[in-house]
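Data block below; observations after.
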Amino acid sequence: MTHVPPPNSVEQLMQRAEALAGLSLADIAKELNIAVPKDLRRDKGWVGQLFEAALGAEAGSKPEQDFLHLGVELKSLPLNAAGLPLETTYVCVAPLANVTGLRWEDSLVYHKLQRVLWIPVEGERQIAIGARRVGMPILWQPTTRQQQQLKQDWEEIMELISLGKVSQISARHGEVLQLRPKAANSKAMTNSIAEDGSMQQTNPRGFYLKTQFTTQILRDYFG
DNA sequence: CTTTGATCATAT
DNA sequence: ATATGATCAAAG
């Protein structure tokens, strides 16, 4: 695979991202010598990893922003034919134990969403992976209102977790941020707080941005 | 058709 | 087991 060095500045990162706009995923993959899968069933993260390679993000599984030195997180955003998000956006894993005293400003959600480079891409299953086209990138920072919405949802969900009610939290909680399973399968287990305050085992969860929220981001940017 | 809960690949 | 990258697919 061709190697792209990390960008030296946000400007350079944006130039690279803008250069991808209008290209198909096959175009980008060819330049990087990366094979295009037939479908994403067994390669669910392929598009995101392709963008990481094309933009010079550090490949890794660290709980940090993709471009830590620039303070930027990279996210692909699959869109339908109407230009609206097809999927929720994964943010990070949710802490289910040892959460006493954890504040919003210290949370992983807060840090990851301080600045995000969104790369819109056609995502309908009827379009072959390689034929899907990339859109103009959006460098986004949450508005005061968006920060408030995220904080409120986060605090509500974290309170339930701290009270040992994680099993009662469904994806319907939260206006813009939701909690959902995030694991290899439903049998995977991690420590969480029980209602009596002791430790119990539950399926790991992650925070996701609802499509309504990312729709709003697109709307604010493109009109 | 949309959303919720489940799942896949890979690195550490 | 936990983190990254997410989409799949059953249910509503």
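All values below come from the heavy atoms of this structure, side chains included, with hydrogens, waters and symmetry mates left out. In what follows, every chain begins at residue 1, and chains take the letters A, B, ... in the order their sequences are listed.
- Closest approach to the Glu52(A) side chain among dG5(C), dA6(B), dC8(C) is made by dG5(C) (side chain taken as heavy atoms from C-beta onward).
- Rounded to a whole Å, the CZ atom of Arg205(A) is 9 Å from the P atom of dG5(B).
- Contact annotation for Gly48(A): backbone-only contact, meaning every heavy-atom pair under 4.0 Å involves sugar-phosphate atoms and none involves a base.
- Using a 4.0 Å heavy-atom criterion, one finds that Lys112(A) contacts the sugar-phosphate atoms exclusively.
- Between dT4(B) and Thr88(A), no contact under 4.0 Å exists linking OP1 or OP2 to a side-chain N or O.
- Atom NZ of Lys62(A) and atom P of dA1(C) are 24 Å apart (whole Å).
- Residues Phe222(A) and Ile138(A) meet the side-chain proximity criterion, which asks for heavy atoms closer than 4.5 Å.
- Note: NZ (Lys210(A)) to P (dA6(C)) measures 21 Å, nearest angstrom.
- Nearest-nucleotide positions on DNA chain B for Glu87(A) and Asn185(A) put Glu87(A) closer to the 5' end.
- Comparing dT7(B), dG5(C), dT3(B) by their closest approach to the side chain of Thr211(A) singles out dT3(B).
- As judged by a 4.0 angstrom heavy-atom cut-off over every strand, Asn203(A) is placed among residues making no nucleic acid contact.
- Residues Arg132(A) and Ile127(A) share a closest heavy-atom pair of NE-O, 2.9 Å.
- The nearest heavy atom of DNA chain C to Arg125(A) and to Gly45(A) marks one nucleotide each, and the one closer to the 5' end goes with Gly45(A).
- Between the side chains of Arg145(A) and Thr143(A), no donor-acceptor pair is found at a separation under 3.5 Å.
- Whole-Å rounding puts the Asp43(A) CG to dT10(B) P distance at 7 Å.
- Comparing dA9(C), dA6(C), dT2(C) by their nearest atom to the side chain of Pro204(A) picks out dT2(C).
- Under a hydrophobic clustering in which Ile, Leu, Val, Met, Phe, Trp and Tyr are joined whenever their side-chain heavy atoms come within less than 4.5 Å, directly or via other members, Trp154(A) and Tyr208(A) fall into different clusters.
- Within 4.0 Å (heavy atoms only), Thr89(A) reaches no atom of the nucleic acid at all.
- Under the 4.5 Å side-chain criterion, counting only non-hydrogen atoms from C-beta, Glu155(A) is not in contact with Met158(A).
- Atom CG of Asn80(A) and atom P of dC8(C) are 14 Å apart (whole Å).
- Between the side chains of Gln114(A) and Gln65(A), no donor-acceptor pair is found at a separation under 3.5 Å.
- Distance Met189(A) CE to dA6(B) P: 10 Å, rounded to the nearest Å.
- Taking 3.5 Å as the limit, the base of dT7(B) and the side chain of Lys44(A) contain a donor-acceptor pair of atoms between them.
- Among dA9(C), dT4(C), dT7(B), the nucleotide with an atom closest to any side-chain atom of Cys92(A) is dT4(C).
- Residues Leu209(A) and Leu113(A) have side chains in contact (heavy-atom distance under 4.5 Å, counting atoms from C-beta outward).
- No engagement by Gln201(A) is indicated, since no non-hydrogen atom pair under 4.0 Å with the nucleic acid exists.
- Comparing atom distances between the Arg41(A) side chain and each of dT2(C), dA6(B), dC8(C) picks out dC8(C) as nearest.
- Looking at heavy atoms from C-beta onward, Thr88(A) lies out of side-chain contact with Phe213(A) at the 4.5 angstrom threshold.
- Within residues 158-184 of chain A, the residues that have a heavy atom under 4.0 Å from DNA chain B are, in order of number, Ser170(A), Ala171(A), Arg172(A), Gln178(A), Arg180(A), Pro181(A), Lys182(A), Ala183(A), Ala184(A).
- With rounding to whole Å, Gln212(A) atom CD is found 11 Å from dT4(B) atom P.
- At the phosphate of dG5(C), neither OP1 nor OP2 sits under 4.0 Å from any side-chain N or O atom of Tyr90(A).
- Remark: C1' of dC8(C) and CH2 of Trp46(A) are 18 Å apart, rounded to the nearest angstrom.
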